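On a predicted model such as this, the values are computed, not experimentally measured, just so you know. Hydrogens, waters and symmetry mates play no part in the numbers below; they use all other heavy atoms, side chains included.
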Amino acid sequence: MVFKALADPTRRLLLDRLREHNGQTLSELCERLDMKRQSATQHLDILGQANLVTVVRRGRERLHYLNPTPIHEMEERWISGFDKPRLQAISAIKNQAEEYAMTDGPTSVPTYVYVTYIRASAEQVWQALTDADLTARYWGHANISDWQPGSTWEHRRVDGSGVVDVVGQVMKTEPPTRLVITFEDAPDAETPREPSVVTFLVEPHEDIVRLTVTHENLPNQEMLNGISRGWPAVLANLKSLLETGDVLPQAPWEMSPGHA
């Protein structure tokens, strides 16, 4: 399904536009591509069926986001075992050249969206997101809070050090379907910055749920790169815990340079 979706140049162009600016409405995509709404809708439906694009509702708007999961899985299966170091070097050269070619004006960091499907109830997923003992199992940190709007939360190591790596505030709670928190990964920085915002959306359907994690207001590309490695690792461990009763045999973040 993924290969079929990517075979069409128009659909690849839609993904490119979302990669450049994630979270666009149908109207915005049509304007950028000079495409009729009906045609764009058909292509987006195919990309959605392939799980390459996910839609997040915000009020009356439907925002389209590039979902990296299928592409990441393709990379793991078809590229990692062959010539990944050389391809990474080529990609680094290309990215650096593109950075030099950009204007000197400020650029915004795109919103990160990750979607996964879990065989569990919404209540089980909610508990896994908010129970300190469960987060300690699949995240390596205990997420500690009473999870009431306005309360603080802490992302505390469970190695005995008691170090808190992330802090934030609970913005919204709608158990068991929606949790919104601020996310400050450098609370002691000399130059304070506005915290990023994480939204967990749990959508039940019969025996499974669709979990969408949206990470907005990212301060820089470095943090985007970090969470792009971290969220898939954490959520893979969460999915394993809920579906099998145990986390993965090896912490997935230990298999990549970044740590969740």
Side-chain angles (χ1 to χ4, degrees), residues 68-69 72 111-188 195-204 208-218 223-260:
T69 310
H72 173 73
T111 294
Y112 179 83
V113 178
Y114 191 90
V115 179
T116 188
Y117 295 86
I118 305 173
R119 187 173 183 178
S121 68
E123 289 77 12
Q124 287 173 318
V125 174
W126 180 269
Q127 184 182 11
L129 293 172
T130 58
D131 184 282
D133 292 334
L134 288 177
T135 57
R137 290 189 64 190
Y138 69 82
W139 208 328
H141 288 69
N143 289 348
I144 301 172
S145 176
D146 62 10
W147 304 109
Q148 297 301 310
S151 296
T152 59
W153 75 279
E154 293 182 342
H155 189 58
R156 185 179 297 169
R157 296 183 192 177
V158 292
D159 57 5
S161 66
V163 172
V164 175
D165 289 316
V166 181
V167 298
Q169 186 177 44
V170 180
M171 298 177 67
K172 294 181 182 179
T173 55
E174 300 172 12
T177 59
R178 191 164 183 257
L179 174 66
V180 184
I181 58 175
T182 62
F183 189 99
E184 297 182 69
D185 66 330
D188 300 323
S196 57
V197 178
V198 178
T199 300
F200 300 94
L201 181 63
V202 183
E203 299 172 283
I208 68 171
V209 299
R210 168 173 150 152
L211 173 60
T212 303
V213 177
T214 306
H215 203 147
E216 305 172 87
N217 197 31
L218 299 169
M223 186 170 180
L224 175 61
N225 293 341
I227 67 169
S228 296
R229 295 189 298 265
W231 279 122
V234 169
L235 297 175
N237 232 11
L238 165 62
K239 177 180 171 69
S240 177
L241 177 60
L242 290 179
E243 293 185 342
T244 71
D246 203 356
V247 296
L248 295 169
Q250 179 181 358
W253 48 79
E254 294 176 355
M255 301 174 66
S256 65
H259 192 289

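The salt bridge (charged side-chain N to carboxylate O under 4.0 Å, His left out) check on E243 picks up K239, with sequence neighbours excluded. With sequence neighbours excluded, no residue satisfies salt bridge (charged side-chain N to carboxylate O under 4.0 Å, His left out) with R119.
For the residue pair L218 and S196, the shortest heavy atom distance occurs at CD2-CB, 4.1 Å. Residues P149 and M171 share a closest heavy-atom pair of CB-O, 4.0 Å. Of all heavy-atom pairs between V170 and S145, the closest is CG2-OG, 3.8 Å. Among all heavy-atom pairs drawn from P175 and W126, the shortest one is CG-CZ2, 3.5 Å. For A136 against V158, the heavy-atom pair with the smallest separation is CB-CG1, 3.7 Å. The two residues V209 and S121 make their nearest non-hydrogen contact at CG1-C, 3.8 Å.
E184 contributes no side-chain N or O that, together with a main-chain N or O of G168, makes up a donor-acceptor pair within less than 3.5 Å. Not one N or O on the side chain of S240 forms a donor-acceptor pair closer than 3.5 Å with the backbone of A236. At distances below 3.5 Å, at least one donor-acceptor pair connects side-chain atoms of T135 with backbone N or O atoms of N143.
Once rounded to the nearest 0.5 Å, the distance linking CG of L242 with CD1 of I118 reads 5.5 Å. D165 contributes atom CG, which lies 9.5 Å from atom CG of D185 (distance to the nearest 0.5 angstrom). For the atom pair OH of Y138 and CG of L235, the computed distance is 8.0 Å after rounding to the nearest 0.5 Å. In this structure, the separation between CG on L201 and CD on E203 is 4.0 Å, given to the nearest 0.5 Å. Residue T182 holds its OG1 atom at 12.5 Å from CD of E216, rounded to the nearest 0.5 Å. The distance from the CG atom of L129 to the CG atom of L211 is 6.0 Å, given to the nearest 0.5 Å.
Considering only heavy atoms from C-beta on, T152 stays 4.5 Å or farther from V167 through its side chain. Taking the side chain as every heavy atom from C-beta outward, R178 and T199 approach each other to under 4.5 Å. Inter-residue side-chain proximity for H155 and W139 is flagged as met; some heavy-atom pair is nearer than 4.5 Å. Taking the side chain as every heavy atom from C-beta outward, F200 and I181 approach each other to under 4.5 Å. A 4.5 Å side-chain heavy-atom check between P252 and N237 finds at least one atom pair inside the cut-off. The shortest distance between side-chain heavy atoms of T130 and T173 does not fall below 4.5 Å. Side-chain contact between H141 and R157 is present, with heavy atoms from C-beta onward closer than 4.5 Å. Annotation: side chain of I144 is not in contact with side chain of V164 (no heavy-atom distance under 4.5 Å).
No side-chain N or O of D246 forms a donor-acceptor pair with one of T244 less than 3.5 Å apart.
Ring pair H215/F183 is perpendicular by interplanar angle, where above 60° counts as perpendicular and below 30° as parallel.
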